[in-house]
Every structure is written in structure tokens, then in C-alpha cells.
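Predicted model only: the values in this text are computed from it and were never measured. Each residue takes its place number in the sequence, starting with 1.
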Amino acid sequence: MKKILRLIAVLIVLALIAALIFLFRNVATKPVQTDSNEPVVDAVLIGGGIMSATLGTYLSELEPDWQIHMYERLDQVGQESSNGFHNAGTGHSGFMEMNYTAEAKDGSIDIERAEKIASQFEVSKQFWSYQVKQGRLGTPSSFINPVPHIGFVWGDQVDFLKRRHQAMIQSPLFSDMVYTEDKAEIANWAPLVMQGRDAAQKVAATRMDIGTDVNYGAITTQLVDGLNKHPNFKLSVNSEVTGISRNDDKTWTVSVKNLQTGETTHTKTRFVFVGAGGAAIKLLQYTDLPESKYYAGFPVGGLFLMTDKPEIVKAHNAKVYGKAELGSPPMSVPHIDTRYIDGKQYVLFGPFATYSNKFLKNGSQLDLINSATKDNALPMAKIGLENTDLVKYLISQVMLSDAERLKELQKYYPEAKLEDWKAFQGGQRVQIIKQLPGEPAKLQFGTEIFASQDGSVTALLGASPGASTSPHILLNLLEKAFPEQVAGKWQGKLQEIIPSYGKDLSKDPALLDKVRAETSKTLGLVYTPKGVQALPAPTDAAAVKALNETSQEVIIPAAK
């Protein structure tokens, strides 16, 4: 027995030594020998998702002479988190997302975050409208479609939704929001939600007709196709970045492995953007920048139920969001959504949380372990211990059976049948664990901009609302990386692309009305400008588009 105990003790000591050696390993890229005569490109974009595509589009318009290279490890762009089947496709506007409106102890509702996100999505629509007009984005219905946004609750949550509505309609951004407790009206808005529901159950809903469904993968592909027509842009797929090192002349060398041939090459650049989703943390560690040591990641996946059964799809034209149950994390808000992907309509329900050590859907189970270093191992462990409720939630979600998932769906579609739905794994998200010097570690939800002190290396970390507000997020990134250019020679072009740039739409109803009318006209969305009498409402997105194309003055509202 003593020999066995000694052996166990020795193994534990060896394991601890191995763990310490691993954590104290050098994760920074070794400097690459470069020739002083090598060409230096102006920007390298790592990752072929919507973030890199949007930033590349901005830069190509602001500086047409800049040499821009984009590297994507898969064989196509837009295939990770931006892919249409890897996200909910919601144009997040704060209309129905109740986790964006916190309830204070006194019962008041704070709408500040919802206002910020709604304003940011207005920037997205302006950016996309501009790209449509410039021919860089194609037919709007190929990437964005009008879908009403509905908040739906029952029982004790009705009072919350009513108070939320009363608070929100005070803002110009939400002044068109309609509230009802009338079951017949809700059934007209979202028939699936009310069919088979207990007649005695108290329900309530809010509705915003200007809501959207967005295919971010289509936007990515179309923007990159537009960039590919520019002689100063170069896209390399099947290309994995294996190192990022600083040169003596303050430029950066980005090492890239061709995954088909195995050949490794490098590119010198003045500016690096890491738009690689969950892989951003590991890529930032290559740089050895002090700021990169503040971050770790917590991976969370999402499973959805989806159907393309014609009678179900035809009966549902809305995105219906509920309220997360007490104790659930923000990303667990259930919703049943109309989706348009590659010309076909679906209905989606979810998400159900899943767990994987991968930082990308097409990543490795070693991603989490490989991201651990002496700088972030303790914050990671601390966050795990402090968030046992989140861990329990993830375990409970992973253990759900098909029948239990069906029960969750039936809360929003009482007559749902399991055989009509199929489960699929969405994209992988990595929530940020951040510890600044002298501060406690925090688990953060949302999207964060990383920028080195000199602005030469930037990245995006985190998750939702991410893609929805990408044009706004990348405007902020440009301000951090290129403050002089943004305040100077770029200012006019940015205001051309984003007419509301620098203005607060929540405090300027006239400008908001003008912006919404113009973008809705270009994108085929549902909006009636203030002071314009609405015409009889069309019944579907195609009718909205057709009527908007024939009218210069009126944006037609959807049926209520």
C-alpha cells in the first residue's frame, strides 16, 4: 500500500511539474528574419468573417491605394460564426431582446443598453445601404429581409413586459413599438405561438415592424467578392496564421502556413487586424503585447432546432424572443425565428447551450488548453469557481434529451412535433475572461475591441451582438487605431458612408426618421416615415419589396 501511495504522490508531483512547464512556456512568436527590402503591405486581416470583410471594405474606401491582404484558414470566407446556419440571423436592435433592458430593484426599466444597440444597428443599415448603392452588395433580399421583432411573455412576466414597453416608447428609437395582451392580436402576429396554448394563460407581446433577419455569411461573401475586384486586395484561403512578430522598424511579420501544400511564408505589414472569432485570443498571444496577457476565453456552443416544413414556415413570419429564465446566462434567451438563408425560408428555435473545448467550430479540442498560460490560468480557474451556476446550467443543457428540448420548444409553439424538427450545431463562441492589473477577473458578455497602445494591432473578442453591429464596432476600432485619420482626412468619407456618424439618433428624432426612411427604401424594409399616411399593408416580405420599389415617398408597413 505504501508503494502505491508513493507512486501516486510521485505521479501528482510530476503532473504539477509538467503543468508548470506548460504554463510557463513561451507562447510569443520568435522573430522572423526579414529583408529590409521586402515589400510592406498596409494591412493584414486575419480571418475571413464579417468583421474582416467589413473592415477591409472601410479601408479600401478610405485608402484606395492601400495594399490589403486577408488570410482565411478554411477554403471559403464566411464559414465560421458568420455562416447563416451558425447564428440566429437576428438584426439585433434591442426591440425584443429583454436581456438588454435591466429591471432595477424599484421596478424601473433601464433602456440605455437597448438604445445603444438600436442606434448601432441603424449604423449597420446605413453601411449596407451604401454598399448596395455602390454595387458591393447585391440584391438586398439576398442578405436582409423584413421580419417583425416580437417580445412574448406569459404569466408573471406580463407586468415586466408592460413596464418595459412604457419605458421604451419614450425613446424615438422605439416609439413605434406596439403592446398588446389581446390573444387574437398576438395570434395574428405569430400564429404558431398561440395555436394550442392554454386559453386561461395570461400572455402579452410587443411588436416592431422594422425588425430584420440577416444572413451575415451572405454579406461576408458579397463584400469579399467586391474587395477581390480591387487590384490592391489579396485573399488567401486554406491559409493559417502561425505567427505574428514585431520587427525593429515597428512593422509586423505575419507568418502563414498553406494548409494544402504545407509551405510557410510571411508578410510584412504596418497594421494587423485579428478577426478570427474565438481564435483571436491565441493569435494575440503570438504578439507578446502586454495587453494580450489580460485575456482568456470560455467557449460556449449553441444547438438549434430547425424546420423547413412548408406549413410551419408559411405560418410564421416573425422573430419571437422570450425572457430568459431566472438564473440563466444572457446568451440563453429562447427565441423562435423566421430565417432566410440562400433563398430558402426556415423556422429556427433555440439556443440550447453545448460545451466543447474548441474555440472555433472547425477548431481543435486542444484550443482551450493551448490558450492557457501563466498569465491567464489563475483567472480562468477563479472564474470557473465563481460561476458554478453557469457551469451547472451548461451541464444541464448538455444533458437534455430530445423530448426535453421539445418541451422547451412547446413553450413557444405548443403544437410542435419532434419529427418536424432537426437539431444542428451552431457556431462556437468564446466569452472573454479579462483581468486588468490590480483588478479582479471578470467573465464578460458582448463584443470587446482590443487595440495595442500604438494601434498597430487590433482584434475583436467576445460574441453577441457582434455581427449585427459590425459596422459600428469597426468604426470604433478605426477611431482607436487611426485617430488622426478619422478626425481628419477620413471624416468626410465616413459621413458619406454613415450619414448619422457622430450624431446621437436617440436624441434626434428627425434624423432618425430620415435615416430609417432612406435605409428602409434601399434595403426593402418595413417603415412608415413620420407624417406619412400608411397604405394597406402587404402580407409578406416580397410584397413589401415590390411596393417599396414603386413608391418614392411611402415605406409600407406590414400587416398587424
Under 4.0 Å between a Lys/Arg side-chain N and an Asp/Glu carboxylate O for K162 and D159? no

Salt bridge or not between E408 and K411? Use side-chain N to carboxylate O under 4.0 Å. yes

Cut-off 3.5 Å, side chains only: do Q491 and Q495 have a donor facing an acceptor? yes

Say you draw a straight line from NZ of K323 to CZ of F160; how long is it, rounded to the nearest 0.5 Å? 5.0 Å

With sequence neighbours left out, which residue pairs that include part of residues 42-60 fulfil the side chain to side chain donor-acceptor pair (under 3.5 Å) condition? D42-R270

Taking all atoms of both residues into account, what is the closest heavy-atom pair of D249 and T251, and its distance? OD1-OG1, 2.6 Å

When you compare the side chain of L303 with that of L400, does any pair of heavy atoms fall below 4.5 Å? no

Approximate separation, where rounding is to 0.5 Å, of E386 CD and L443 CG: 9.5 Å

If you round to the nearest 0.5 Å, how far is CG of D367 from OG of S356? 8.0 Å

If you count heavy atoms of other groups shown closer than 6.0 angstrom to NZ of K116, is the number above 12? no

Under the salt bridge (charged side-chain N to carboxylate O under 4.0 Å, His left out) test, residues paired with K319 that sit two or more places apart: D213, D337

Might you point out which heavy atoms bring G84 and N215 nearest each other, and give the distance in Å? CA-OD1, 3.8 Å

Cation-pi check, K282 onto F359 ring (under 6.0 Å, within 45° of axis): no

Closest non-hydrogen atom pair between Y295 and I281, with its separation: O-CG2, 4.3 Å

